[in-house]
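Below you'll find the structure, written out as structure tokens, and then a few comments.
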Amino acid sequence: MPPGPSWTPSGSGRSHPKTPAPIALVVSELLTNALRHGGGTCTLRLTAHPDAIEVAVGDAGPRAPRIRTTLYGGTGGFG
């Protein structure tokens, strides 16, 4: 199964390793979305680089992620 989307502030697929709280939040959000919308199983790949940590999540869902319109006051749809 190919890896799913990676997240980073710069869009490079990497985040600075001295920022563990944002990385933990992103990992949590990606895993939650993969489990909720991707068929119930997923993979997580964390790769340590000298100056970054790469995060990749894959799932067995048949569809690629899509952007949704968020209705304020509701739950979900923000990530």
Side-chain angles (χ1 to χ4, degrees):
M1 153 183 9
S6 295
W7 175 90
T8 105
S10 65
S12 67
R14 296 180 178 179
S15 181
H16 195 277
K18 293 184 179 181
T19 56
I23 293 169
L25 176 61
V26 168
V27 168
S28 174
E29 290 294 321
L30 289 172
L31 288 174
T32 299
N33 286 342
L35 290 170
R36 185 174 181 188
H37 303 290
T41 60
C42 64
T43 59
L44 169 64
R45 187 181 71 226
L46 298 173
T47 306
H49 299 277
D51 63 344
I53 295 175
E54 184 177 355
V55 177
V57 174
D59 62 49
R63 294 186 340 195
R66 62 185 171 85
I67 297 174
R68 297 183 354 188
T69 302
T70 300
L71 300 175
Y72 292 100
T75 59
F78 297 99

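Not measured: the values here are computed from a predicted model.
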For Gly40 against Leu35, the heavy-atom pair lying closest together: O-CD2, 3.4 Å

So Val57 and Asn33, do their side chains get closer than 4.5 Å, heavy atoms only? no

Stepwise side-chain contact (heavy atoms from CB on, under 4.5 Å) check, Val55 with Leu46: CA-CA 5 Å; Val55 177; Leu46 298 173; 3.7 Å; yes

Partners meeting side chain to side chain contact (heavy atoms under 4.5 Å, CB included) with Thr32 (sequence neighbours left out): Ser28

Nearest-0.5 Å distance, CG of residue Leu44 to CG of residue Asp59: 12.5 Å

Minimal non-hydrogen separation, Cys42 against Ala34, with atom names: CB-CB, 3.7 Å

Applying side chain to side chain contact (heavy atoms under 4.5 Å, CB included) to Leu25 and not counting sequence neighbours gives Glu29

